[in-house]
Amino acid sequence: MRLESFVRERWMSPGQELAEVRSAVTGDVVAEVASGGFDMGNVLAYARQVGGPNLRRLTFHQRAELLKRLAIHLSERKEQLYKLSYQTGTTRSDNFIDVDGGIGTLFVYASKGRRELPNTTFLLDGAVEPLSKGGSFVGQHVMAPLAGVAVHINAFNFPCWGMLEKLAPAILAGVPVVTKPATITSYVAHALVRMIAESRILPEGALQCIIGSTGDLFDHLTCQDVVSFTGSADTAQKLQRHPVIARESVRFIAERDSLNAAILAPDAGPGTPEFELFIKEVAKEMTVKAGQKCTAIRRAIAPNNHMPAVIEALRERLSKITVGNPELDNVRMGPVVGLGQRRDVLAQVAKLRSEADIVVGDPDNFTVEGADRERGAFIPPLLLHCPDPIRATNVHSVEAFGPVCTVMGYDGLDQGIALANRGDGSLVASVYTYDPAVASDLVFGVGAFHGRLVLIDRDCAKEQTGHGSPMPHMVHGGPGRAGGGEELGGMRGVHHYMQRTALQGSPAMLSRVTQSWIKGAPMVQEGRHPFRYHFEDLAIGQTFISKERTITLEDIEHFAAFTGDTFYAHMSEEATKDHPFFPGRVAHGYLLLSFAAGLFVDPDLGPVLANYGLDSLRFIKPLQPGETIKVRLTAKSKSPRNEQYGEVRWDVEITTDKGETVATYDLLTMNAVRA
């Protein structure tokens, strides 16, 4: 098949220079790619002028709903992607990581977008900052989508997950995407984009796909664009040195080569669950996707006295791996992605062999099930042992991007930490220990050199997701050699596509601009009780000031007896003598919250459907018997939820009759929409 690019809502392949893409399994041609022929300036302009406005007019919740619908649509068609992906050398379980993992990321961001973001088009970032003595000048940070394009350049090893894990946070942020898959597996990415385009779920201009060369794309980037790159360090450095990247200060997120480590602690010797987990994980990371994962374990670091047992256990486990045609049920590992990749892996292995010996596997003598060993890009699992990792350099700097791992020994935890950090920045390291003190030493010994640390032991063995599985909720990226960038990480990944802006002005002006009431802004006190307004009728700033109530000693003692909270500060004058915080017996904080509710709640049936939480509760001033309180309740912000109700956030302040603040918090209610 001839692969076309999807630009300006059309499938096009104007280029005349055809490149053949071959099956990793059979060596047969499976696709042709035509490069060039596009006006890349027009591609980016279309995203900015059509895709960006179409996305930015939607709220976060509406964008999250698009991601959910897209995930469902792709889930119903994933078998097509499975079948096509076999030609890249992946087994069905490998495809689960790529295809299902990518779709799962869409689901996660759809869910987190609905639960963690407001139903607005911008975000408030942090609390209001007082900037003046009298309170008439304040500051507030906001975040809004960039007015540019997210350019995503993806690696060959995950044509589905690599695309979708970048797409989800960008679309949720409100930024259109131009995606460029690696050519060698572009036929899978092409099929995925075609499914997305045919669904017409995303608005016009939200996604474009460039197959083949990007031409002069980088010449047309601006300060509003983001480049997110996954691939080799050499290519990343070349792109980062592009003059437009420097001139325009284009955000560049890089995820590159990584010599990730698995560290076996001294306490996790043979016979312990942690030893078995270490062996299982190293073997799995060598063979899943034929070791072609940016997170795969390249260095297995273990105490020298455990080294013979480690090598023998890995030899036994790897001997059970059947290499061959990934469509066969009994095959556990397919080929690497192509003959060129096989040559590169073997060339890197030759460099490693200058410092390490192959102890498991023979690249010149191995069995392939159901395929031709020479026509396909097959390599057996290769385990090397470096006897002197302290003096070695290649094992800490050369990555063979295939089913290859080097084991190396250490004496003493400090030496093990030093070896792990010799990778000069990695995406992930996994630690195998059941000793919390050892785990702590390792975490803070190697943490600065790693983007993610996985502590694997017997307690989490059944549910842990593995060394090499980036989760949408957690940051994926690492320092130094790993690129210095971050992806995913829940809402952190969304923020990469937004601009943080510091707003300064009067409380009244900032309240109107941010649609969130700030103390010092005008309050609306006329009319009905705020709880009597339906969601759409409630004005931001609508306020209720309660009557007063005096707290008595009988109130405190009754509350203590009724709840069982007999903490000494509430019950004993003697116990609070010379106390650093309490001037004597004081009222329970939760008694004050209960009395506050009694003062401001409107009890009759009305638009308030439910109170579902408190945020940012702070007790400011201890209250003694005989003191009097009152409450201010102000509608702070509103966020639509569905056709039946919306979320209202109320600013609540409990004060004394003298105006002293006793407690502050945000109250959350669900308010009905008018029928």
Side-chain angles (χ1 to χ4, degrees), residues 127-128 130 135 517-520 523-525 528-533 538 541-637 647-671:
V128 173
W517 184 83
I518 297 171
K519 189 175 181 180
M523 296 182 290
V524 181
Q525 291 184 256
R528 294 167 287 172
H529 188 287
F531 280 11
R532 306 312 301 170
Y533 290 93
L538 180 66
Q542 190 79 42
T543 298
F544 172 77
I545 305 293
S546 78
K547 62 182 181 181
E548 296 181 348
R549 175 165 183 166
T550 300
I551 309 300
T552 68
L553 185 61
E554 290 75 16
D555 290 330
I556 296 172
E557 292 184 341
H558 176 266
F559 190 85
F562 188 67
T563 63
D565 181 356
T566 56
F567 185 62
Y568 70 85
H570 312 307
M571 308 306 295
S572 170
E573 195 74 37
E574 182 64 27
T576 56
K577 187 177 181 181
D578 299 323
H579 195 281
F581 302 120
F582 303 126
R585 290 182 70 176
V586 296
H588 305 70
Y590 297 108
L591 179 150
L592 298 177
L593 294 186
S594 300
F595 281 5
L599 290 171
F600 70 67
V601 165
D602 184 78
D604 294 334
L605 178 66
V608 175
L609 303 176
N611 166 358
Y612 77 103
L614 302 177
D615 282 348
S616 306
L617 171 63
R618 291 293 183 273
F619 294 114
I620 312 296
K621 177 192 181 307
L623 207 72
Q624 294 186 280
E627 292 192 273
T628 299
I629 63 169
K630 62 180 178 179
V631 186
R632 175 187 52 78
L633 175 78
T634 303
K636 184 176 183 179
S637 63
E647 174 191 295
V648 179
R649 182 175 291 268
W650 304 85
D651 185 280
V652 184
E653 182 180 28
I654 305 174
T655 60
T656 67
D657 55 345
K658 298 176 183 178
E660 302 167 298
T661 300
V662 175
T664 60
Y665 56 95
D666 284 0
L667 171 72
L668 302 174
T669 64
M670 289 298 187
N671 284 42

What's the spacing between [X] [atom1] and [Y] [atom2] if we round to 0.5 Å?
X: Leu623; Y: Ile654; atom1: CG; atom2: CD1; answer: 9.0 Å
X: Leu668; Y: Leu614; atom1: CG; atom2: CG; answer: 7.5 Å
X: Ser616; Y: Leu667; atom1: OG; atom2: CG; answer: 12.0 Å
X: His588; Y: Phe595; atom1: NE2; atom2: CZ; answer: 10.5 Å
X: Arg528; Y: Asp602; atom1: CZ; atom2: CG; answer: 10.5 Å
X: Gln624; Y: Glu573; atom1: CD; atom2: CD; answer: 7.0 Å

Below 4.5 Å, heavy atoms only, C-beta onward: do [X] and [Y] meet side chain to side chain?
X: Leu599; Y: Lys547; answer: yes
X: Val601; Y: Asn611; answer: no
X: Thr543; Y: Gln525; answer: yes
X: Val586; Y: Thr576; answer: no

State, to 0.1 Å, how close Ala587 and Leu592 come at their nearest heavy-atom pair, and which atoms those are. CB-CD2, 4.2 Å

Check salt bridge (Lys or Arg N to Asp or Glu O under 4.0 Å) between Asp578 and all other residues, then give those that pass, not counting sequence neighbours. none

Salt bridge (Lys or Arg N to Asp or Glu O under 4.0 Å) filter on Arg632, not counting sequence neighbours, yields Asp651, Glu653

Starting from the C-alpha separation in whole Å, work towards a yes-or-no answer on side chain to side chain contact (heavy atoms under 4.5 Å, CB included) for Glu660 and Ile620. CA-CA 9 Å; Glu660 302 167 298; Ile620 312 296; over 6 Å; no

Please identify each residue that fulfils side chain to side chain contact (heavy atoms under 4.5 Å, CB included) with Asp657, with sequence neighbours left out. Glu548, Thr628

Can you list the residues that meet the side chain to side chain contact (heavy atoms under 4.5 Å, CB included) rule with Pro625, with sequence neighbours excluded? Leu553, Ile556

Can you check side chain to side chain contact (heavy atoms under 4.5 Å, CB included) on Lys621 and Thr661, steps first, answer last? CA-CA 7 Å; Lys621 177 192 181 307; Thr661 300; over 6 Å; no

Any side-chain to backbone donor/acceptor pair from Arg532 onto Asp604? Under 3.5 Å, distance only. yes

Any donor-acceptor pair under 3.5 Å from Thr656 side chain to Lys658 backbone: yes

Looking at Phe581, I want to see if its CZ is surrounded by more than 12 non-hydrogen atoms of other residues, nucleotides or ligands under 6.0 Å. no

Run the numbers on Arg649 and Asp615 for salt bridge (Lys or Arg N to Asp or Glu O under 4.0 Å), then give the verdict. CA-CA 9 Å; Arg649 182 175 291 268; Asp615 282 348; 3.0 Å; yes

With Trp650 as partner, the option from Trp517, Phe600, Tyr665, Phe531 fulfilling ring pair (Phe, Tyr, Trp, His ring centres under 6.0 Å) is Phe531

Got a list of side-chain donor-acceptor pairs under 3.5 Å for residues 558-567, not counting sequence neighbours?
from: Thr563; atom 1: OG1; to: Phe559; atom 2: O; distance (Å): 2.7
from: Thr563; atom 1: OG1; to: Asp565; atom 2: N; distance (Å): 3.2
from: Asp565; atom 1: OD1; to: Phe567; atom 2: N; distance (Å): 3.3

Contacts of type ring-ring contact (aromatic ring centres under 6.0 Å, His included), residue Phe544, not counting sequence neighbours: His529

